[in-house]
Every structure is written in structure tokens, then in C-alpha cells.
Amino acid sequence: DMMAELLGHRRLEEKLKEKLGVSQAIVVAGDSDEEEWVKQELGRACVDELKRVAKKGDVFAVMGGTTLAAVANMVTPDETLATTTFVPARGGLGEKVEIQANTISAEFARRSGASYRLLHVPDQLSEEAYHSLVLERSVREILDVITSSAVVMHGIGDARRMAARRDSGQPFIETLKREEAVAEAFGYYFNANGEIIHKQRTIGLQLGELEGKYVISIAGGHTKANAILAYMKNRPSDVLVTDEGAARRLLSE
Ligand code: G3H
């Protein structure tokens, strides 16, 4: 019944907090690898959490992916959110437009009544182009807004699946295999110990700049269990929003 299910989730949340070192864990019913509606539930839980912590005038940085797209779809008009600004946390990572951070932050803003700012950066930046772009006034302005963000929301992906989805090329996929990459989160690839083994060159928030920000990680589905574990070894988030499928696999239940 409902009560037993709720109690079951609370128990999983406590165990996840202990295992991952996150301050808060939120577990929703189901397994998003098995059923599509579970992603909407992840989205709903994430939006509730965002509304709980949002303060007037806040800046929120969001990343891309299908999970974050589902979160944006669950946003409803809100008085506080209407005073805030959504920005992409980092520039292009080689994703389809529907699941790019730019598109998703605009969608968050459209549905909540907030403002948004876009970050226009090509996906594959050469070292040279990178260094001249960050000197552009318009880019520096939006980077300042991104740096001022109070909350960061991001997904976590399985490393090899993410590289394949982003058409990263066979040599790169071979490198990930050799280096035993497990997780991907906002353009960084991690091994099982949570060590960074590769970073996609794009501008925006760097992993080392999350200090002092409220970080919400959203990832579900049993096939993401190892990726979630690896990423949290690098830096446990303030909140993990996940589903039963990922939680049970993570805790080997
Ligand atoms: O960075 C992590 C990935 O964006 C996760 O993507 O939500 O489509 O699984 P996904």
C-alpha cells in the first residue's frame, strides 16, 4: 500500500545519504529505465525542491540532458521563480537542441515566468578559440551571471553512453574504455573512484566552482547506479533526486 511504499522510500533515502555523503536524497517510485513516466516524477520532485529553496532574484544554472528536459517540463508558474533568472551552467556539449542547457534554461523560464540568458558557444572549441571567446565582453557578462548562481541543477550519465550520444568519435570512446570511465556530469568524465579523466572544453561553470552553491543532481534508472556512485565520490551534492530503480541497484538490494 501507499504508506508502506512511502516508508520504503524514506528508508532508501536514509541509506543513500549514508552511502553517498549527500545531505539530502529524494527517491521517487519506479525505474526510469523501464517506464518513461518515472522521469516526470523525478522532474516533479526536483521542481518541488527548487521552489523550496528559491529566493527572490536568484540565478539558477541548469545543465542539459533528457532528465533536465523532463524537469523543465514539470515547472509551473510561481511567484518567487518569476523574479529569478535561468542560465545554462556550461556551453555546448554536442547534444541535440532539445536537450541542450540553453534550450532547457529557456524552457524553465518560459514555464515559471522567470527571465533567462543564453550562452552562445560552439560545441567543439579549439584551445585558441576558447581563450579568445572568454575575453569577449558579451561572453564575460553572461559568465558573471552564471558564476553568481545560487543553485545548480544537473544530470548524471553513463560515460560511454554519453560519449556515443554526443558523437564523440571512436578514438575518444576507446580512451574512455581504457581509462575505465564510468560517469559523466556537465561535460566531465569520471572513473569509479570519482577522479576526473576528461573534461570537455567549453566555457561556463567548472567543477571547482560549485563551492557555496546549492547543487541538485537528478539521475534515475538502474543502469545509472554506478555512474551516480562514481560522481558522488568526486563531490557529494547537496541533494540527489533519484528513483527506486537506481537506489536499489546502488545499495545492492
Ligand atoms: O550529463 C549528464 C547527462 O546529461 C545525463 O543525460 O539525463 O539524458 O540521461 P540524461
[X] and [Y]: which non-hydrogen atoms are nearest, and at how many Å?
X	Y	value
Ile173	Ala163	CG1-CB, 4.0 Å
Thr202	Arg90	O-NH2, 3.1 Å
Gly65	Arg165	CA-NH2, 3.7 Å
Lys224	Ala219	CD-CB, 4.1 Å
Gly64	Ile104	CA-CD1, 3.8 Å
Ser149	Val152	OG-CG2, 4.2 Å

Among side-chain atoms of [X] and [Y], is any donor-acceptor pair under 3.5 angstrom?
X	Y	value
Ser32	Asp243	yes
Thr66	Lys39	yes
His198	Thr175	no
Thr223	Asp33	yes
Lys213	Thr147	no
Tyr188	Gln206	yes
Gln200	Arg166	yes

**Asked** Can you check side chain to side chain contact (heavy atoms under 4.5 Å, CB included) on Val239 and Ser217, steps first, answer last?
**Response** CA-CA 6 Å; Val239 187; Ser217 305; over 6 Å; no
Straight-line distance of [X] [atom1] to [Y] [atom2], nearest 0.5 Å:
X	Y	atom1	atom2	answer
Glu95	Leu68	CD	CG	11.0 Å
Met232	Leu250	CE	CG	9.0 Å
Leu81	Leu50	CG	CG	5.5 Å
Met162	Leu93	CE	CG	8.0 Å
Leu229	Phe190	CG	CZ	13.0 Å
Glu5	Leu7	CD	CG	10.5 Å

**Message:** Looking at Glu14 and Lys17, is any side-chain nitrogen of the basic one under 4.0 Å from a carboxylate oxygen of the acidic one?
**Reply:** yes
**Message:** Could you check whether Arg111 pairs with Glu107 (Lys NZ or Arg NE/NH1/NH2 to Asp/Glu carboxylate O, under 4.0 Å)?
**Reply:** yes
Report, as yes or no, whether the 6.0 Å neighbourhood of atom [atom1] on [X] holds more than 12 heavy atoms from other residues, nucleotides or ligands.
X	atom1	result
Glu141	CD	yes
Glu180	CD	no
Glu79	CD	no
Glu195	CD	yes
Tyr214	OH	yes
Glu253	CD	yes

Report yes if the side chains of [X] and [Y] come closer than 4.5 Å at any heavy-atom pair, otherwise no.
X	Y	answer
Arg140	Val134	no
Lys51	Thr76	yes
Arg235	Leu210	yes
Val139	Ile203	yes
Thr242	Ile228	yes
Leu12	Leu251	yes
Glu174	Gln170	yes

**Message:** If hydrophobic clusters are built by linking Ile, Leu, Val, Met, Phe, Trp and Tyr wherever their side-chain heavy atoms come under 4.5 Å apart, do Val22 and Ile26 end up in the same one?
**Reply:** no
**Item:** Candidate pair Glu13 and Arg10, rule salt bridge (charged side-chain N to carboxylate O under 4.0 Å, His left out), full reasoning
**Value:** CA-CA 5 Å; Glu13 288 165 357; Arg10 293 301 92 82; 2.8 Å; yes
**Passing option when Lys15 is tested against Lys19, Arg11, Glu18 for side-chain contact (heavy atoms from CB on, under 4.5 Å)** = Arg11
**Message:** Less than 6.0 angstrom separating the ring centers of Tyr189 and Phe172, yes or no?
**Reply:** yes
**Prompt:** Hey, what's the ring geometry for Phe108 with Phe86, parallel, tilted or perpendicular (30° and 60° as the breaks)?
**Reply:** parallel
